[in-house]
Amino acid sequence: MPPIGSAFPVLLGLTGEGCKIPGPDNGAPGAARFEAQDVACIRGERPVFSGVSFSLEPGGALALVGANGAGKSSLLRILAGLLGRAGGTLRWDGAPLDDDWPAHRSRLHYVGHLDAVKPTLTATETLDGWAHLRGRARAEAGALAALGIEDLADVPGRYLSAGQRRRLALARLLATPAPLWLLDEPTVTLDAEATARVAAMIARHRSDGGMAVVATHGELALEGARRLDLDRHAIAADALLAGDETGAGPEPEHEAW
Amino acid sequence: MFFRLVGRELTLAVRGGIGSLMAVVFFVLAVTLFPLGVGPELGLLSRIAPGVVWVAALLAALLSLDRLFVADHEDGSLELLMLGALPLEFVVLAKTAAHWLTTGLPLAAAAPVLAILLNMSVDGLVVLVVSLLLGTPLLSLIGAVGAALTVSLRRGGALIALLVLPLYVPVLIFGVGAVEGAVLDVGVRANLSILAGGLVGALVLGPLAAAAALRMTAE
Amino acid sequence: MATRATGATRRAKAGWTSIHFFANPARFLRAARAVYPWAAAATAALIAAGLVLGLYVAPPDYQQGDAYRIIFVHVPAAWMSLFVYVVIALCSAAGLVWRHPLADLVARSSAPIGAAFTLITLLSGSLWGQPMWGTWWVWDARLTSMLVLLFLYLGYIALHAAFDDPAKGARAAAILALVGVVNVPIVKFSVDWWNTLHQPATISKIDSPSIDSSMVAPLLLMAAGFMAYYLTVLIPRVRAEIARRRIRNLRLAQVSR
């Protein structure tokens, strides 16, 4: 694949990440450490949180808690590289993620609020399509079964209920292996039985050496998970007007003309 | 991976049913309105035919643009595409290719019939198809930038037209120029080469700009 | 991958910088306050001098009589339309690459001014066309290019306004401006091409092939006056934009914790 993506990176504010397609096997869980240090987030011009630090080891889990608007989703999106952060560093095995986002993307699964289920594709096609995006020929067998929807394999998405679509979205976690799971309130439309399945999936993933960062309101049992309360990292409102006093973000590069 | 993505988009379009053929239907309808509007005089029709067909093609290509990225944005697929192994520029290229296969290509296929309805000469007809084959991918590529810029807006459809139509002006001019060159027998090569050159440029710059716009929107 | 890295950190820092900037744009405001009266005075003096020279001193054209004098408005306005679009594109590039907040503000504030110059070009061209061609509008190559440019301006303004988040709107509009500036020469070229194909027999070109030196001086004076006018209008617009964003931040500070 030619590096077209890097042709005019500066001109278009692009970030030349089109150069490298990671091999499909980068995703196997392995010993590694995922660290965040002093991560800060600003949405638009609204500061959300700052000073978020954590370190995850194989088998570890992090439960993100906090009120609505505390930035749980934003933090997960930052960890997935979907959202730029306003400061701080992220490291995988000591290497800054900024050095190689494509590699990071290949080792994470992100399940957000949206299920990405197309009404006209069957569950199997949906799952295989997701596997294709990660460079796999097809999804691992048993992913649907793990969530109890194996008999829906040939049913198009439009006939699935909200809970079933959610299960299908979560089956993605098993369709291709990846050491880091980023889950945004994964059980929100699920019944107790499915919630238990998800908890078991996460436990299994962790015992295999995987890691999970899960935004949750407490309905999901995460044994031995560290808690990160984003309410404690909120930026005070007056920081908007007196940026100098926050002390949380990096110093401004230039004091602007 | 690229071709699989194109295939997936085509599957979605085919299963989406008649909706994906709306562009061609619109194209044919719009062109057939012209004789009704300006009268059936064959000389007049053959004189305005290249412009009419091309303008209708422009508008037809515009018709389905607003869905190009919006569906994926709304259901979360866009995030997965961005997290996938294929660079976003190629994702854009794949989706644009699928858009062209479901709109531009059918337009070029339908054009001969319309050319006959408008009393165009056979030379003009052949060049019309060639110019559409070269020009409609350009329309899809430029349109992809507009679609990407407006993907997160609630009322992006009307805005896309405003953003994209001025950028379509050169395509229109050279497309029509080629057909008229053939009809008047004054040569078509210059117009067609410019279209081809534009296509090459747009193949590189279009996905870059559209991917930049999508990244920005995703934040 | 290095580009990605710097891009991300740059984005990260820009968030903070913008807060600092919005908190303390004093430096720009001070400079603007110093420049503003000079710009306003220069506008008045240059345009007055240009008008006197153009309307009274310069001789009437041997063919067009006094009607040609509208070029003293028409031509500088046309120059400014293009100049302002280039300014917008340059600021857009600067805004995308360095995330410099002033660049976004200048680009955004310039767009309506540039659109107004384009409109003046079209109107004055049309007014000139009536005595010359006996019709209010001819599809002259330059006028047609200007019309397309007006549409480009309108698209830019509309896209900017369509976003709730001004930072996003700025970035989207910046990408559009860069795409547009690549297209302006192509449009110009294509319209010239089209015009030679469809050369209407009767029109005399708006060219001024044998321009008298007594006409050059007022033309240049008017151009300089228009430039000063642009600066005079731009400064208050940027100041208003800064104030608007400050209000926005105050509001946001009210709703956040």
Side-chain angles (χ1 to χ4, degrees), chain B residues 50-51 87 138 141-146 148-181 184 186-187 190-191 194-195 197-198 201-202 204-206 208-219, chain C residues 4 7-8 11-12 15 85 92-93 95-97 99 118 139 141 144-165 167-198:
Chain B
L138 255 170
L141 286 163
I142 299 171
V145 179
L149 284 170
T150 55
V151 69
S152 67
L153 300 175
R154 264 156 286 138
R155 300 179 53 204
L159 191 54
I160 291 186
L162 179 57
L163 301 187
V164 163
L165 280 179
L167 303 178
Y168 279 178
V169 166
V171 186
L172 174 68
I173 287 174
F174 294 117
V176 174
V179 184
E180 289 191 334
L184 306 173
V186 294
N191 281 288
I194 294 171
L195 274 185
V204 177
L205 292 177
L208 280 174
L214 288 177
R215 281 201 192 91
M216 177 214 80
T217 309
E219 286 203 352
Chain C
R4 172 68 177 168
R11 188 175 318 157
Y85 200 86
S92 298
L96 282 178
V97 175
R99 306 275 157 155
T118 317
W139 290 92
T144 310
S145 299
M146 279 293 157
L147 189 61
V148 176
L149 183 63
L150 181 65
F151 292 145
L152 286 175
Y153 269 119
L154 293 182
Y156 178 89
I157 295 170
L159 184 64
H160 220 310
F163 282 83
D164 292 333
D165 175 354
K168 264 192 191 179
R171 267 180 285 162
I175 293 173
L176 182 69
L178 289 179
V179 173
V181 88
V182 172
N183 263 273
V184 164
I186 302 177
V187 168
K188 178 90 182 82
F189 170 64
S190 71
V191 171
D192 287 347
W193 180 281
W194 160 84
N195 203 240
T196 53
L197 272 185
H198 303 261

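Since the structure is predicted, the reported quantities are computational estimates derived from the model, not experimental observations. Chain letters run A, B, ... following the sequence lines, proteins first and then strands; every chain starts at 1. The figures that follow rest on heavy atoms only: side chains count, while hydrogens, waters and symmetry mates do not.
Interatomic distance, CD1 of I175(C) versus CZ of R215(B), reported as 10.0 Å (0.5 Å rounding). Residue L176(C) holds its CG atom at 8.5 Å from CG of L159(B), rounded to the nearest 0.5 Å. F163(C) CZ to T150(B) OG1: the interatomic distance, rounded to the nearest 0.5 Å, is 7.5 Å.
Taking the six-membered ring for Trp and thresholds of 30 and 60 degrees, F174(B) and W193(C) have ring planes more than 60 degrees apart, a perpendicular arrangement.
Counting only heavy atoms from C-beta outward, the side chains of M216(B) and L96(C) never approach each other to under 4.5 Å. With a 4.5 Å cut-off on side-chain heavy atoms, W194(C) and V169(B) do not count as touching.
Between G155(C) and L163(B), the closest heavy-atom pair is O-CD2, 3.3 Å. Scanning all heavy atoms of the two residues, the minimum distance from S190(C) to P170(B) falls at OG-CA, 3.6 Å.
Heavy-atom distances place both the backbone and the side chain of L149(B) under 4.5 Å from chain C. Looking at I142(B), neither its backbone nor its side chain comes within 4.5 Å of chain C, counting heavy atoms on both sides. For a residue to count as touching a neighbouring chain, one of its non-hydrogen atoms must lie under 4.5 Å from one of that chain's; by this rule L167(B) touches chain C with backbone and side chain alike.
Among V187(C), V191(C), T144(C), I186(C), the one residue that satisfies the side-chain contact (heavy atoms from CB on, under 4.5 Å) test with I173(B) is V191(C).
The residue among V184(C), D164(C), V148(C) with the most heavy atom pairs within less than 4.5 Å of chain B is V148(C).
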